[in-house]
Amino acid sequence: MRRVTLFVRGSSRHGKVVLVSGSLSDLLSLASIRFGIQATQVFNENGGQIDDVSLIRDDDILYVSEEESDVDPMNSFDIPEQLTGGHTDWLTLNVGGRYFTTTRSTLVSKEPDSMLSHMFSDRDAWGNKKDHTGAFLIDRSPEYFEPILNYLRHGQLIVNDGVNLLGVLEEAKFFGIDSLIEHLELAIKNSQPADDHSPISRKEFIRFLLATPTKSELRCQGLNFSGADLSRLDLRYINFKMANLSRCNLTHANLCGACLERTDLSGSVLDGANLQGVKMLCSNAEGASLKGCNFEDPSGLKANLEGANLKGVDMEGSQMTGINLRVATLKNAKLKNCNLRGATLAGTDLENCDLSGCDLQEANLRGSNVKGAIFEEMLTPLHMSQSVR
């Protein structure tokens with residue numbers, strides 16, 4: 001017994017795989033039942049009529065016809081080119097299991113130097129493999145191949161939604177479709193979201209806060225809040241490291257335990273803000289207003305402003321017991337009537353700083369620059385040991 005694939009004459013679809021076990025009449029009867037026609041003739045894939053079942057070989061592709069004809073079968077029988085492998089214009093490609101029917105001229109004409117052109121410009125020049133239907137096998141992604149074939153057809157780049165342009169670009173490079181590569185690179189560039197450096201507004205940030213579970217750590221590193229109104233918001237324990245908070249309104253905001261390390265707070269207003277245990281190492285708060293702020297944490301967690309730039313800040317009346325201002329810059333700052341008991345001011349630049357009315361009891365001023373600093377109306381006398389290295 002031999003296994004063959006049967007098609008109705010003139011069609012390359014809906015083939016039937018059958019076993020040839022008897023005579024040619026038996027095969028025609030079986031074909032008539034399978035296709036619902038009155039099959040009377042059998043042809044091979046080259047158009048030759050078969051009149052002896054012994055001529056049929058295993059895995060042959062055969063075509064049946066129900067008309068009797070005296071005309072030469074090669075002229076009357078329109079055998080699909082994709083099954084004959086002939087050099088007619090129409091052919092079928094099996095790309096990753098998906099079939100594409102196109103013309104040889106489509107693959108050859110538009111990009112004559114491409115791999116596809118070389119594959120199909122000369123018959124069997126590349127020894128192209130075929131599947132059981134006679135379609136040319138190409139082991140590539142059909143999803144990415146389809147836009148390439150359409151481009152070769154009409155010269156326009158059309159990509160369905162959900163298809164990754166990077167995948168299509170890689171296929172275009174593989175097949176050497178140079179003109180399409182330029183289109184794809186431009187399309188990919190245009191599809192990239194523009195760099196958005198616009199500041200986050202109060203409304204956007206509140207929506208962000210409300211969508212975040214209370215037990216989750218809120219991380220806002222490097223975000224741009226420049227000029228935003230964040231006054232009276234609960235911003236406890238939020239990580240603002242390296243964020244841009246310049247010219248922000250943070251009046252009466254709760255920043256307890258927040259991380260403001262290397263944050264830009266220049267020109268911001270933080271009057272009356274709760275800054276208990278805040279971390280502001282190396283932050284830039286030049287020209288900011290921090291009047292009446294509370295840095296004093298009853299639990300003993302001390303605010304850390306080590307190395308911060310506080311030039312010209314106004315911190316009048318702030319509670320800063322035990323605060324760490326080591327090597328910070330407070331040149332021309334206003335610290336009138338501040339509570340600086342036990343504060344660390346070692347190595348701090350206090351040049352021309354107004355410290356009148358401050359409580360500096362047990363504060364460490366060793367190595368600080370107090371040139372031009374004002375110490376009038378001190379609540380407690382400044383002991384010599386506090387300012388000696």
Side-chain angles (χ1 to χ4, degrees), residues 194-214 216-297 301-320 323-325 328-336 338 348-349 353-354:
D195 293 335
D196 186 6
H197 299 293
S198 58
I200 298 172
S201 66
R202 179 185 180 90
K203 183 178 180 180
E204 291 171 329
F205 190 55
I206 290 176
R207 189 183 300 119
F208 183 41
L209 290 174
L210 293 175
T212 305
T214 55
S216 298
E217 180 185 1
L218 201 56
R219 304 174 69 180
C220 298
Q221 299 103 310
L223 296 184
N224 184 8
F225 296 91
S226 180
D229 180 8
L230 305 178
S231 60
R232 302 183 183 276
L233 292 181
D234 186 358
L235 307 175
R236 287 175 296 174
Y237 305 108
I238 295 179
N239 189 345
F240 288 106
K241 185 175 181 179
M242 301 181 74
N244 182 2
L245 291 165
S246 61
R247 305 186 309 281
C248 278
N249 181 5
L250 289 158
T251 304
H252 297 290
N254 186 357
L255 287 157
C256 176
C259 178
L260 296 167
E261 185 176 343
R262 299 184 185 276
T263 301
D264 186 359
L265 288 159
S266 57
S268 294
V269 179
L270 293 91
D271 296 346
N274 182 7
L275 296 166
Q276 295 176 350
V278 72
K279 298 175 183 177
M280 292 178 59
L281 287 83
C282 301
S283 60
N284 176 25
E286 185 172 351
S289 178
L290 291 89
K291 292 187 290 187
C293 290
N294 181 24
F295 291 87
E296 185 177 353
D297 189 348
L301 184 62
K302 298 179 181 180
N304 190 349
L305 280 73
E306 183 173 339
N309 177 14
L310 301 168
K311 289 182 182 178
V313 298
D314 188 349
M315 305 178 77
E316 184 175 350
S318 293
Q319 294 294 321
M320 296 188 284
I323 193 171
N324 182 5
L325 288 165
T329 301
L330 285 155
K331 189 174 183 179
N332 299 317
K334 297 180 182 178
L335 276 72
K336 292 179 64 175
C338 286
T348 303
D349 186 359
C353 183
D354 187 353

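- The two residues Cys248 and Gly227 come nearest to each other via the heavy atoms SG-N, 3.9 Å.
- Under the side-chain contact (heavy atoms from CB on, under 4.5 Å) test applied with Phe295, the options Asn324, Leu325, Asn304, Leu275 reduce to a single match, Leu275.
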Inset, instruction - Check the pair Leu305, Met320 against side-chain contact (heavy atoms from CB on, under 4.5 Å), reporting the backbone distance first and the verdict last. - result: CA-CA 11 Å; Leu305 280 73; Met320 296 188 284; over 6 Å; no
Legend entry - Residue pair Gln221, Met242: steps toward the side-chain contact (heavy atoms from CB on, under 4.5 Å) verdict: CA-CA 6 Å; Gln221 299 103 310; Met242 301 181 74; 5.7 Å; no
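- Rounding to the nearest 0.5 Å gives a distance of 4.5 Å between CG of Asn284 and CG of Asn309.
- Contact check for Lys279 versus Glu261: no side-chain heavy atoms found under the 4.5 Å cut-off.
- The shortest distance between side-chain heavy atoms of Leu209 and Asp234 does not fall below 4.5 Å.
- Shortest non-hydrogen contact noted between Ala273 and Leu250 is CB-O, 3.8 Å.
- Minimum interatomic distance between Ala333 and Leu310 (heavy atoms only, all atoms of both residues): CB-O, 3.9 Å.
- Residues meeting the side chain to side chain donor-acceptor pair (under 3.5 Å) test with Gln276, sequence neighbours left out: none.
- More than 12 heavy atoms of other shown residues, nucleotides or ligands fall within 6.0 angstrom of atom CZ in Arg202.
- The CG atom of Asp229 lies 14.5 Å from the NZ atom of Lys203; values are rounded to the nearest 0.5 Å.
- For the atom pair CG (Leu260) and CG (Leu255), the distance works out to 6.0 Å, reported to the nearest 0.5 Å.
- Using a 3.5 Å distance cut-off with no hydrogens or angles, the side chains of Gln319 and Asn294 do not pair a donor with an acceptor.
- Leu235 and Ala253 make their closest contact through CD1-CB, 4.3 Å (heavy atoms, listed as atom of the first residue, atom of the second, distance).
- If you check the side chains of Ser226 and Ser246, you find a donor sitting under 3.5 Å from an acceptor.
- Atom CZ of Arg262 and atom CG of Leu281 lie 8.5 Å apart (nearest 0.5 Å).
- Sequence neighbours left out, the pairs with a member in residues 265-275 that pass side chain to side chain donor-acceptor pair (under 3.5 Å) are Asn254-Asn274, Asp264-Ser266, Asp271-Ser289.
- Of the options Leu245, Leu270, Ile206, a side-chain contact (heavy atoms from CB on, under 4.5 Å) to Leu230 is made by Leu245 and by none of the others.
- For the atom pair CG (Leu330) and CG (Asp354), the distance works out to 12.0 Å, reported to the nearest 0.5 Å.
- Contact check for Leu290 versus Leu265: no side-chain heavy atoms found under the 4.5 Å cut-off.
- Residues Asp349 and Lys331 are not paired through a salt bridge, judged by the lack of any N-O separation under 4.0 Å between the basic side chain and the carboxylate.
- Listed by first and then second residue, the ring pair (Phe, Tyr, Trp, His ring centres under 6.0 Å) pairs that reach into residues 220-243 are Phe205-Phe225, Phe225-Phe240, sequence neighbours excluded.
- Taking all atoms of both residues into account, the shortest heavy-atom contact from Cys353 to Leu335 is SG-CD1, 3.7 Å.
- Nearest heavy atom pair, residue Cys338 against residue Met315, reads SG-O, 2.8 Å.
- Here the side chain of Ser231 pairs no donor or acceptor atom with the backbone of Thr251 at under 3.5 angstrom.
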